[in-house]
There are 2 protein chains.
Amino acid sequence: MKDLPKISEAEWQVMKVLWDKSPLTANEIVDQLANNTEWNPRTIKTLLNRLMNKNALGIQQDGRVYWYYPLVSKEECARSERESLLKRVYNGALQPLLAAFLEEQKLSNEEIDELKQILEDKGKSK
Amino acid sequence: MKDLPKISEAEWQVMKVLWDKSPLTANEIVDQLANNTEWNPRTIKTLLNRLMNKNALGIQQDGRVYWYYPLVSKEECARSERESLLKRVYNGALQPLLAAFLEEQKLSNEEIDELKQILEDKGKSK
DNA sequence: TATTTTTGATTACAAATGTAATACATTAAA
DNA sequence: TTTAATGTATTACATTTGTAATCAAAAATA
C-alpha cells in the first residue's frame, strides 16, 4: 500500500471539497470554503500548494488557471485516520472503540438496523 | 464541559502509561515506555513537562522526586478524539464511520455479539 | 503601449510537535 | 567537604501547521 500523505486538519477541509467534486479551480475551491470557514483566500492557496507538495493533489493546467484534483482517495485517507485513532487511543482494540461510539452517539432506528445487518453478515461469514 | 488540553500523538503514549497506573515517578514512566518506544529519557521528561504545562498532569512532590498523575480522564480525552475524527472525516455522520470500521476490521464472534447487544438495547430504548 | 488586475509562487512568522542537550540543584559518595 | 550522580527546569532546533503577505508573470484594460 502506497504511503499516504499526512493531511492536517485544515487540509482535510480542502480535500473534502475536491473529493466532493473535481477538478476545481482555486477560486471555485475558495468559494466552496467560504461557506464553512473564515479563511482568507491566501490561506487556501497556501493549503493547495502544500497539498500539491505532498502529492495529495494534482493539477491540470489550462492557460494560467489550474484545475486541482485529488491524487489520493477519500476512503484511503479516512482509513488511515480511523487506524490512527484506533491505535493511538485504544491500542488497536476495536470493540471498545465501537462500543464507545455506539453508546454515546445518537443513531436512528434505520441506522441501527443497518449496523445490525452488517454485524449479522460478519457473523455469518466466519 | 471543561476544555480539555490538546494531547499530541507522542503525549498520548505518556498519558496512557499514567492512566494505566498512577502516580508514577518520571523514572517509572521512562521504564514503562522503554518497552514501546525508542525515546531518549530526556524526550520523555520534556513530554512530562509539556503535559504539566497543559494541565493534563499534576504532580505530588516527595523530596525531589515528582509523582505524576493525570488531571484529565482517559475517557474524556478519548471522546474528544472520537469526535474529532467523526467531524473531520465524516462531517459528523456516525453511521458511515461505524460501517467502515465494522467492514474493515476483524472482530471475534463474541465481540460481534456484544455489539449486537448494544445495538439491540439502543433500539429498544427509543 | 503602459498600467492595473488576476493568478500562482515564494516568503513570513508564530505556535505546536518531535526529539533532545545543557544547566542547575540536591543528595549520595569519596 | 569536594565530587559525582540524579532529578527537574530551561533552552535548543528542525519540521509541521495555521494563517497570511509579498512577489512575479501574464492577461485585461485604459
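Convention: sequence-line order gives letters A, B, ...; per-chain numbering from 1. Just so it is clear, the values below take in all heavy atoms, side chains as well, and ignore hydrogens, waters and symmetry mates.
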Scan side-chain atoms only and decide if [X] and [Y] contain a donor-acceptor pair under the 3.5 Å cut-off.
| X | Y | value |
| --- | --- | --- |
| Glu81(A) | Trp12(A) | yes |
| Glu75(A) | Ser73(A) | no |
| Gln117(A) | Asp121(A) | yes |

Rounded to the Å, how far apart are [X] [atom1] and [N] [atom2]?
| X | N | atom1 | atom2 | result |
| --- | --- | --- | --- | --- |
| Leu33(A) | dT19(D) | CG | P | 13 Å |
| Gln61(A) | dA26(D) | CD | P | 11 Å |
| Leu51(B) | dA9(D) | CG | C1' | 16 Å |
| Arg64(A) | dT5(C) | CZ | P | 14 Å |
| Leu48(B) | dT10(D) | CG | P | 15 Å |
| Leu47(B) | dA9(D) | CG | P | 14 Å |
| Ile44(A) | dT7(C) | CD1 | C1' | 14 Å |
| Asn53(A) | dT16(D) | CG | P | 11 Å |

Margin query: Does anything in residues 6-20 of chain A come within less than 4.0 Å of DNA chain C? Heavy atoms only, and list the residues if so.
Written below: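 Within residues 6-20 of chain A, no residue comes under 4.0 Å of DNA chain C.
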Margin query: Please report the interatomic distance CD1(Ile44(B)) to CG(Asn49(B)), rounded to the nearest 0.5 Å.
Written below: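 So the CD1 of Ile44(B) and the CG of Asn49(B) are separated by 13.0 Å.
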Margin query: Go nucleotide by nucleotide along DNA chain D from the 5' end; which of Gly63(A) and Glu38(A) gets its closest nucleotide reached first?
Written below: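 The answer here is Glu38(A).
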Salt bridge check, [Y] against [X]: does any charged N sit closer than 4.0 Å to a carboxylate O?
| X | Y | result |
| --- | --- | --- |
| Glu28(A) | Lys21(A) | no |
| Lys116(B) | Glu120(A) | yes |
| Glu104(B) | Arg82(A) | yes |

Next item on the list: Verify the contact: side-chain N or O of Lys45(A) to OP1 or OP2 of dC23(D), cut-off strictly under 4.0 Å; return yes or no.
Entry: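 No.
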Check: Do any side-chain nitrogens or oxygens of Trp39(A) fall under 4.0 Å of OP1 or OP2 in dT19(D)?
Finding: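 Result: yes.
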Item checked: Identified side-chain contact (heavy atoms from CB on, under 4.5 Å) counterpart of Leu33(B) within the set Val30(B), Asp31(B), Ile29(B) ->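 Output: one option passes, namely Ile29(B).
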Check: What residues in residues 23-32 of chain B put a non-hydrogen atom under 4.0 Å from any atom of DNA chain D?
Finding: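 Within residues 23-32 of chain B, the residues near DNA chain D are Ala26(B), Asn27(B).
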Under 3.5 Å: donor-acceptor pair, side chain of [X], backbone of [Y]:
| X | Y | result |
| --- | --- | --- |
| Trp67(B) | Ser22(B) | no |
| Lys122(B) | Leu102(A) | yes |
| Lys74(A) | Leu18(A) | no |

Next item on the list: From the options dT19(C), dT8(D), dG8(C), select the nucleotide whose nearest atom is closest to the side chain of Tyr66(B).
Entry: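 Nearest listed nucleotide: dT8(D).
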Which atoms of nucleotides 10-13 of chain C (N or O only) lie under 3.5 Å from a protein N or O atom, and what are those distances?
none

Next item on the list: With the side chain counted from C-beta on, respond yes when Gln13(A) and Leu47(A) share a heavy-atom pair under 4.5 Å apart, and no when they do not.
Entry: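 No, every pair of side-chain atoms sits at 4.5 Å or beyond.
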Next item on the list: Identify, between Lys54(B) and Thr43(B), the residue whose nearest nucleotide on DNA chain C lies closer to the 5' end.
Entry: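 Final value for this comparison: Lys54(B).
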